[in-house]
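The structure under discussion appears below in the form of structure tokens.
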Amino acid sequence: MAVSEEECSSAKSRSSSSTSSSTYYLAKCVLRGSVVLQVLYGHIRSPSSLDVVFGKETSIELVVIGEDGVVQSVCEQAVFGTIKDMAILPWNERFRPSYTQMLGKDLLIVISDSGKLSFLTFCNKMHRFLPMTHIQLSNPGNSRNQIGRMLASDSSGCFIAASAYENRLALFSTSISAGSDIVDKRITYPPDSEGDSVAPRSMQKASICGTIWSMCFISKDRGHLTQDNNPILAVLLNRRGAILNELLLLGWNIREQTIHVICQFLEDGPLAYEVVEVPQSYGFALLFRVGDALLMDLRDVHSPCCVYRIGLHFPPNVEQNFIEESYRVQDADDEGLFNVAACALLELRDYDPMCIDSDDGSLNTNQNHVCSWSWEPGNNRNRRMIFCMDTGDLFMIEMNFDSDGLKVNQSACLYKGQPYKALLWVEGGYLAALVEMGDGMVLKLENGRLIYANPIQNIAPILDMSVVDKHDEKQDQMFACCGMAPEGSLRIIRNGISVENLLRTSPIYQGITSIWTIKMKRSDTYHSYLVLSFVEETRVLSVGLSFIDVTDSVGFQSDTCTLACGLLDDGLVIQIHQNAVRLCLPTKIAHSEGIELSSPACTSWFPDNIGISLGAVGHNVIVVSTSNPCFLFILGVRKVSGYDYEIYEKQYLRLQYELSCISIPEKHFAKKESNFPMNSVENSIMSTLLNEVSCDTIIVIGTHRPSVEILSFVPSIGLTVLASGTISLMNILGNAVSGCIPQDVRLVLVDRFYVLTGLRNGMLLRFEWPHTATMNSSDMPHTVVPFLLSCSDSFSKEFHNADILEKHEDEIPSCLQLIAIRRIGITPVFLVPLTDRLDSDIIALSDRPWLLHSARHSLSYTSISFQPSTHVTPVCSADCPSGLLFVAESSLHLVEMVHTKRLNVQKFHLGGTPRKVLYHSESKLLLVMRTQLINDTSSSDICCVDPLSGSILSSHKLEIGETGKSMELVRNGNEQVLVVGTSLSSGPAIMASGEAESTKGRLIVLCLEHVQNSDTGSMTFCSKAGLSSLQASPFREIVGYATEQLSSSSLCSSPDDASSDGIKLEETEAWQLRVVYSTSLPGMVLAICPYLDRYFLASAGNAFYVCGFPNDSFQRVKRFAVGRTRFMITSLTAHVNRIAVGDCRDGILFFSYQEDAKKLEQIYSDPSQRLVADCTLLDVDTAVVSDRKGSIAILSCSDRLEDNASPECNLTLNCAYYMGEIAMTLRKGSFSYKLPADDLLRGCAVPGSDFDSSHNTIIASTLLGSIVIFTPLSRDEYELLEAVQAKLAVHPLTSPILGNDHYEYRSRENPIGVPKILDGDILTQFLELTSMQQELVLSSSVGSLSAVKPSSKSMPASIPINQVVQLLERIHYALN
């Protein structure tokens, strides 16, 4: 759990001094960046699937756009590098791969800062991308002359081109021989021997000397496609000093291995910036220029010509389709501090990181150029393209090539939005439109118009954040300033899968033991009944617009606890309780399909003088067991007459071990094609489940042996054991782990069968059948560790009713093999499928709810953003088709998982650019600083925002021409005020040298006042849930109670607060900001920080001041001391009496303030030059700093003898980490990954388990929209995981997929030999492997010494797998 520093208990003045001398950290990205820079479309998962790939600079996300236009994430993974460009290599019949799993699938090709051309394929078994091969193009880092900037692939999948920024490119041809590499031939132009030489001017016109702006392959006529076909590459080139760009056609003579310039095309007119092939046209291309586009005929490569000119000067479109305010085009930010970030995000140009105040980056908004485009997929008759202008207008061009000649049709404006970074036209008429600094959208093409369908969430860039932990919510939330004007917004970010809280009852449901939902017919889409079982009571409620008590009309016995229930057949429901099995035919009062009687028809079956302990209901079969003695009964039902039925025994037998759980898989499902072979037992199960008419039944049980077993019941044979798996788990010391009794068990079918088991000690297991046929190592062989002690079944050899059961001595049950073990809590694990399908995702409910992804490899689960619950069941109704009903704190909570949201983020559109956000605990309001407002009176303000509704309650506008830069809440005694720093000057704040410009700023003190609203009466704020609940509450008729008062899921208020239920605020709940003091300062006030509970620090240029309020009055601010640095100050932070100052060149400087002398003194300095983005102090000796080059470093004092320390005394760099993203905000928090009452820790002493890390966690947010948590480790934990990381970084299953050297990548921008912060992203891959794969990784050798830091001690001879898994599980559990 992570909380803000205000929520943490204050540390002692010199606590945690050991942290300074030995700092060990692990970094884990809990939310990956959301800005999409590349978008691709292809057959990624299979030849029949059409998938979308998002390239997000440091990660790759595979998504699908459904028939409803909703973007759903399939998988997302870090690439441990920086993506430069991506392209799809289409499948072509020339390529004969060694692995049949690749047949018909497209490949993803990527160039990155690794200097390699990477070929990636999607592995369905591992559910992630894996590298096929890497081709070295250049040294890591990609300089301007090294190939690795841009990619192009031809439409046939035969050729690939890669270019440098300037002067160089390379061509590749795909292989045609089976089993060989993907690429068989390559050529570099100019040749490597000529690459660095300067060609004479006479030769430059016949070369590619210049900046390469764009390139594409030109397909030849389909009749000339042969193996020896020489490709043609069109290159748009800007020669040094030239005003216009020229089009070059390059030819590759494959036989002679030469590249030559075929011809050049240069026409006076506007600047050309993009060349695009017209698909299936065989020789035509579009040349985009500023203001127009030329359709080029390149069929005769020696004589290219323009055949049609498309004008792009469109009249203003009156009709506005855009759902938000009109878009004011600009280069992200017209202020100094964030220009470098905007340039990096927009990739507008190379930039000097020190020149962060230049204002020359704004775009000309009247250029009329195309900023993105996409062709219609699958249309071979006429070629249609949708393109976006820099004004945000979307248009369509249609081209017909027929016998009558060329016809070009151009549409009117289809949609008015923003200038989109990328467009992607997909099947179904949907268009994905992506924005860099705001939400994208999915548009639907209907009747010649584009209509808004769904959002594509993007929270980048995150400029500031505030983490708030409310203990009544039992989870954290982050308030973040996201996006830029006009798409600026305040986002509430939570971890896990997003749920929408629909309804909540009062806490009147104490003693619930279980809940179920039942359908009336097997073919029904929606549930009919909700069954609530209490300790001594059962209630049945109808599911619909209202949940009404229909227990008497259904026929369930109400004065007993129900053990199990379900639908036996259409209209027949079963209740199993301790004394009997009861069959009921509900009446029409309970359901419209009920029987025409006044009371339900019921019949019961009673065991002889024995109590029922467990039960399960399947299609025409009932299974119950008893505990003392242990019997298993198989029951059937037959019709006697009319509504008269009889329950009879099909078989019963005595058990050797008591049963702990029973489940019966549903039969009705559609068989899917599987890529994995099945053995005879699996085929038998498949045939049984597919035969819906047959009376054969599959039963899955858990026993107290403990074991998991799969049984088959055939009426003519009886029960037989198909497979058995014994549960025998050991801790690190070799002692048996207690509590391994199965609590719940499920059979899952995704490509192949496997068994999921939840144990009573909070562990989750996955069993599979052994397979003799294994895949190639590149396709992830599935081997397992034999945890079984024996293969015998759970039944004794003494069977009752021997004439019914036939025992075949020669049939030995299969031994299920334990594939993966995970701990998800310390309480029993319940498994609740979302649907009846065998491939359905499953909710694993233990200490808190998790969503188990059934299609994933091994065990993969994600937390559900909901409080800890005791029970859950899916509820499907016409009003809520994907509902979930949780039981938590004696209340019923109806929620719905929001599949339309890839991110668990709530958006409040504020307009402008939100810069700073603070949480005011007294008023429970958010204070937000906004800039770039479109307002006649002010372009910047500070506003009070209601965190429930996002509405702006009040605001304080700054003066005309004044821009807000910083703000902090400062306490003086028992009162708090808001101190704001501004800029009164236009233009940059910092010179290129890092020194401060001559500017002016203002310091403002604002008081947040409580205002009476006696004249207007009460202020009411109703949320969606609150309003809907007043109209028609599904719980209005629940068990005789009146309509429940419902909560709208308060985001930062407790249930006891008047505003927490979303219905009404108190009459006096009004707040406004009032200026109590202001003064001018000689420089922009870029940083403010509270200090010693009675002062605050404020920077102005390269100076900072210790300020306070004399006589405890806010009416006046006094400057007590001033300190100076050499360069512009960008951050200020303090801890107790230590002050850390960050500037834009000298890095972090430690200062001390002497109150008696009123003097500031520099104590320590940064050993490296560093452009500081943000900084926070862990204690008086340790600082965490982020810089504008994407690194995080932890520095500390080398000693504590401050009296003898020199001002030039350097800080010690304890550890560092290259993120590849710029972290603009760092927050200190509280976090613990120690599970309470962990029996594994009781059984053995994990090294460093007593290490306290509760107050040294760091939370970082980046410009790409990522959230990264840095959590401290003990030394023993660090050394253990460091050894694991070294192996994971080089193992083929887990190494960086773009070919980066992991150690080199995470060491960038940092001195050689500095200890590294561990990479939690690569370490958590260990949990995605099976047990055997984990053993293989840990037993492998580290191939490169660079994978381990030079100062590391020797690698341990053996690494205990259980210890690694336990530690990573606890970290994964806490971070999620």
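Position 1 is the first residue of the sequence, and the numbers go up from there.
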> Which atom names give the shortest non-hydrogen contact between S1196 and T1182, and what distance separates them?
Replying inline: CB-OG1, 3.8 Å
> Can you list the steps and then say if L490 with V917 is a side chain to side chain contact (heavy atoms under 4.5 Å, CB included)?
Replying inline: CA-CA 9 Å; L490 184 69; V917 59; 4.0 Å; yes
> Counting N and O atoms only, with roles assigned by atom type, does the side chain of D1174 sit under 3.5 Å from a partner on the main chain of L1226, one being a donor and the other an acceptor?
Replying inline: yes
> Between S993 and E995, do the side chains contain an N or O donor and an N or O acceptor separated by less than 3.5 Å?
Replying inline: yes
> With respect to R915, which candidate in R930, M967, Q932 satisfies the side-chain contact (heavy atoms from CB on, under 4.5 Å) definition?
Replying inline: Q932
> Backbone N or O of K957 within a donor-acceptor pair of the D941 side chain at under 3.5 Å?
Replying inline: no
>> Determine whether the aromatic ring centres of residues F1109 and Y1077 are separated by less than 6.0 angstrom.
In response: no
> If only atom types and distance count, is the side chain of R1094 paired as donor or acceptor with the main-chain N or O of L1092 below 3.5 Å?
Replying inline: yes
>> For a quick test of reading the model, state the closest non-hydrogen atom pair linking N458 to V35 and the distance between them.
In response: OD1-N, 3.4 Å
>> So R1126 and R1145, do their side chains get closer than 4.5 Å, heavy atoms only?
In response: no
> Of the non-hydrogen atoms in S1165 and N1210, which two are nearest, and what is the gap between them?
Replying inline: OG-OD1, 3.2 Å
> Within the distance-only criterion (no hydrogens, no angle test), does the side chain of D1187 pair as donor or acceptor with the backbone N or O of G1190 below 3.5 angstrom?
Replying inline: yes
> Have S1080 and R1002 got a donor and an acceptor in their side chains that come within less than 3.5 Å?
Replying inline: no
> Got a donor-acceptor contact below 3.5 angstrom from the Y1217 side chain to the A1193 backbone?
Replying inline: no
> To the nearest 0.5 Å, how far apart are OG1 in T23 and CG in N1214?
Replying inline: 4.0 Å
> Of the non-hydrogen atoms in A1173 and A1223, which two are nearest, and what is the gap between them?
Replying inline: CB-O, 3.4 Å
> Would you say the side-chain atoms of S983 pair up with the backbone N or O of S985, donor to acceptor, closer than 3.5 Å?
Replying inline: yes
> Under 3.5 Å, is there a donor-acceptor pair between the side chain of S1266 and the main chain of G33?
Replying inline: yes
> Is R1227 salt-bridged to D464, going by a charged N under 4.0 Å from an acidic O?
Replying inline: yes
>> Minimum heavy-atom separation for G994 and F1127, please, with both atom names.
In response: O-CB, 3.3 Å
>> If we ignore hydrogens and angles and just use 3.5 Å, is the side chain of T913 paired with the main-chain N or O of A485 as donor and acceptor?
In response: yes
> Are the aromatic rings of F1104 and F1151 close, with centres under 6.0 Å apart?
Replying inline: yes
> Quick one: are I462 and M1224 in side-chain contact, heavy atoms under 4.5 Å?
Replying inline: no
> Atom NZ of K1228 and atom CG of L1178: how far apart are they, to the nearest 0.5 Å?
Replying inline: 6.0 Å
> Mind checking whether I493 and Q906 have side chains closer than 4.5 Å, heavy atoms only?
Replying inline: no
>> Would you say E1161 and Q1154 are linked by a side-chain donor-acceptor pair, where the criterion is simply a distance under 3.5 Å?
In response: yes
> Run the side chain to side chain contact (heavy atoms under 4.5 Å, CB included) check on I1004 and V1075 step by step: do they pass?
Replying inline: CA-CA 7 Å; I1004 308 171; V1075 177; 4.1 Å; yes
> Do side-chain atoms of D946 reach the backbone of G950 as a donor and acceptor pair under 3.5 angstrom?
Replying inline: no
>> How close do I1192 and F1270 get, counting heavy atoms only, and between which atoms?
In response: CG1-CZ, 3.7 Å
> Is there a donor-acceptor pair under 3.5 Å between the side chain of S940 and the backbone N or O of G964?
Replying inline: yes
> Is the shortest distance from a Lys or Arg side-chain nitrogen in E487 or K907 to a carboxylate oxygen in the other one below 4.0 Å?
Replying inline: yes
> Hey, what do you get for OG (S1261) to CG (L463), rounding to the nearest 0.5 Å?
Replying inline: 8.5 Å
